[in-house]
Structure formats: structure tokens, C-alpha cells
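No hydrogens, no waters, no symmetry mates; every other heavy atom, side chains included, goes into these values.
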Amino acid sequence: MIMHFRHAWKHIIYHKYNSIILVIALVLGFLFPLLAVNDINDVIRDGEVSRYPDASRISVFEYLMNYKDEEEIEAAIDRCLGEGLFERAGYSFSRSEIVYVGDQSYTCGISGISREYLSLAGWELMGGAFFSDSDYAADGEKVCLFNYGAGFGERNIRVGDTIEILGEAFPVKGIVRVPRVYGSILIPYTASAVSADSDFGSWVQYQVLTYGEGNVRPMAVARKLFELSDTDGGVLSAQTGEEQEELYYASIWKINKYRILRAVVVIVFAGLSMLLLFIGMILRERYDMAVRIALGAGRTVLWLESVVRNLLLVLIAFFIALVLYPCLSVRVAGAGSHLLLRTIVQVGIGGAVFVILVDSAVLLIGFRKQNVALLLKG
């Protein structure tokens, strides 16, 4: 095998101009499948992260209402905990604000979350760190989490970048995948820039997650939690974890099926282009192969040399494509700049298997015994 590797490398260097052209074509051939496969994997991963760790014991209460400060929310939760309505609970509120990223401004959702909410929601950390206890302290540093796939994701925000909310700077502490949550920016519930003033009269969306065996009647628990009567304003909804997951997946599929279809179309056309490219690469050398067969070279040896040579070209092109991927993804609307490991493995292994299959098929069909004489004669 080492001998075949050396021979293949010498062949690539000897035909360096052809090799460079082929590598460029292969890089382009890999970039779009990487985008497409990563898009499908993003859909799959969003679906996995959107499931509660134990949906059978989760209840979800959502209420559009005037602002309530943290002490009111915690007092209501403590009261219900004392009555044994649930074992633990986490809460968040969401509202729209103008945020600044560099010199650009965006209107996006801001979600303030409690400590317990993180563990009950079961989010995926993609970089950096989640909030710590010190981030929830009254004198804690103002930090935020950035929701991967957010509306202004083309800015390619990274851990350590700064987002400005209502005149205050919030360094990005972590990048998280939270497809179910409202908003692009997540902050500790106590962050003063968004939750300091309870008198501004703004309507916000509250969400409370509770965990326990007693949540068989979510609406009854919700009314107890918020001390509501039929005459109260606002819009209240309450579901079990399974009910909300069913509603979520029914609605999100309308968007995801388009993303998957778009990705499949890209993969099919890229696959056809690479198929024709590899067939051309192999057939271009058919005369040299025919001469070697006529001189006694084994077809297995020729097949191994062709496979190793093309795998080397594919490997070089694949690594270049991985380096260029972030530059391309930030310029394609809806593409995820975070390349998933499963995407790298799938496309890498798929490309290698593709080369072996094409090499085998072309050599099997194009170099039968009766064809060698015809090739030499031609």
C-alpha cells in the first residue's frame, strides 16, 4: 500500500497542473454538499434539542402579561412548591429590543432566564459556557448567551464578542442551540438592562417550566401559580411537555421540510457533477492503463493505484473545503456557520466511498479484456 501511495503522489506531482484544476473542482464540489448536509443535520439536531429531558414530567405555562419582577415570580413558585404542586420550576420572560452588534442594529427577541430554566429546557452548549451563579448575582458581570441560528447570525458572532442592549455592553459568554426558545439573545433574569424597572408597563411573554408528578392539570396549576381569575387580563396557555412538543413539531415541520428539500436538491446535483468529474478523471487515463494491462499489469493493481490517487486528491480538496466553509456559510442565507462533527464525518466518508465505487464501476465496465485491444488500436 505504501508503494501505491508513493506512486499515486508522484503521479499527482508530475501532472501538477491537471491536479490543481481537479482539486479546485473538487473543493467546489465539496463545499455545497457540506452546506446541504449540515443543513439537514441542523434540522435533526434542532429536533433532538427541542425535546425536554423528561417531557412526561414537564408542564409549560405561557402568559402574555405586564412585567413582574423576579421576587414576584419566585414567591409564586415557592408558594406552589410548598403546596406540592411540582418539585421544581424554572422561568423566563421574553420581549423585543434593539440590539447593536458592532455598528449594526437589529430588532430581536431578548429572553431573561432563571438558573433552573437551563436544566429543565435541556439546551446544547456549542461554545463557551452557560451562566454561572456569579452571573445571577446582583453585582455580577453583564453577560449573555447567543442563540445559534439567530436572525442576525450572518454576523458570525463568537464567544467574547460584545452585544449592546439598551446602552449596556453584554459580552457573549456562550453559543447555545435553543430552537424552542423565543429570542436571539439570552441573559440572566436579573440583568438590569432589561429587567430593572417594573413600572414601564411593557407587555412581555412569560414562560414557566415545572417538573413533578402533580402536573396532571396544567391549567389549574397555572391559575394557582399566577393567582388568576377569569377576569384577569393577558393570554394564558398551559400544556404538558408532550402536548407542547407535539404542537412544536407540527408547526416547525412546515419550515424544516423546505430546508430538507432544498438540501436534497443541492446534494443530488453536486453528486451528479462529481460523478461526471470522476468518470472523466478515470477515462482520461484509459490509454495509459490499457498499455500497462497489455504489458502484464494486473487490473487489481491499476484499480488500487487509481483509488489511492483519487482518494489523495479528494482528501486534499476536502480539507481545503473545511477551511473555506466558514467564509462561504456566512454569505449563504440560512446556512449554519457552525459545522457539525457529524457533517464532517458523513461527507468525508461519503466522498471516500463515492470515489471507490466510481473507480470500481468505471474500471469494471471500461477495461474488459476485449476493450484493451480497442483502446490500444485507437
Check your understanding: For Y189 and Y136, what are the C-alpha separation, side-chain angles and deciding distance, and is it a ring-ring contact (aromatic ring centres under 6.0 Å, His included)?
Key -> CA-CA 7 Å; Y189 195 94; Y136 283 95; 9.0 Å; no

Point to revise | Those residues that, when tested against S134, pass side chain to side chain donor-acceptor pair (under 3.5 Å) (two or more places apart) | key: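 S134: side chain to side chain donor-acceptor pair (under 3.5 Å) contacts with S132.
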
Exercise for review: With sequence neighbours left out, write down each residue that passes side chain to side chain donor-acceptor pair (under 3.5 Å) with S237, or none if nothing qualifies.
Suggested key: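 Listed in chain order: nothing, the list is empty.
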
Any residue meeting side-chain contact (heavy atoms from CB on, under 4.5 Å) with [X], in chain and number order, not counting sequence neighbours:
X: A36; result: A263, V266, I267
X: L125; result: F130, V176
X: D46; result: R177, P179, R259
X: S92; result: I113, Y117, Q207

Check your understanding: Side-chain donor-acceptor pair under 3.5 Å between S96 and T107, yes or no?
Key ->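 Not at all, the side chains of S96 and T107 share no donor-acceptor pair under 3.5 Å.
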
Check your understanding: Is the closest side-chain donor-acceptor distance between E242 and Y52 under 3.5 Å?
Key ->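 No, no side-chain donor-acceptor pair sits under 3.5 Å.
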
Practice item. Would you mind listing every side chain to side chain donor-acceptor pair (under 3.5 Å) that reaches into residues 343-358, with sequence neighbours excluded? Key: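 Applying side chain to side chain donor-acceptor pair (under 3.5 Å) to every pair that reaches into residues 343-358, excluding sequence neighbours, yields N38-T343, N41-T343, N41-Q346.
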
**Study point:** salt bridge (Lys or Arg N to Asp or Glu O under 4.0 Å): pairs with one or both residues in residues 340-356, sequence neighbours excluded
**Key:**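 Every salt bridge (Lys or Arg N to Asp or Glu O under 4.0 Å) pair that includes a residue of residues 340-356, provided the two are not neighbours, is E48-R342.
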
Exercise for review: Output every pair passing salt bridge (Lys or Arg N to Asp or Glu O under 4.0 Å) with a member in residues 20-31, not counting sequence neighbours, ordered by first then second residue.
Suggested key: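 Sorted pair list comes back empty.
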
Practice item. Tell me, please, which residues at least two apart from F318 pass ring-ring contact (aromatic ring centres under 6.0 Å, His included). Key: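 For F318, the residues satisfying ring-ring contact (aromatic ring centres under 6.0 Å, His included) (neighbours in sequence not counted) are F30.
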
Point to revise | Qualifying residues under salt bridge (charged side-chain N to carboxylate O under 4.0 Å, His left out), relative to E116, sequence neighbours excluded | key: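 Result, salt bridge (charged side-chain N to carboxylate O under 4.0 Å, His left out) vs E116: R88.
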
List the atom pairs, with distances to 0.1 Å, where a side-chain N or O of residues 76-85 and a protein N or O form a donor-acceptor pair under 3.5 Å, not counting sequence neighbours.
from : atom 1 : to   : atom 2 : distance (Å)
R79  : NH2    : K224 : O      : 3.3
R79  : NH2    : L225 : O      : 3.4

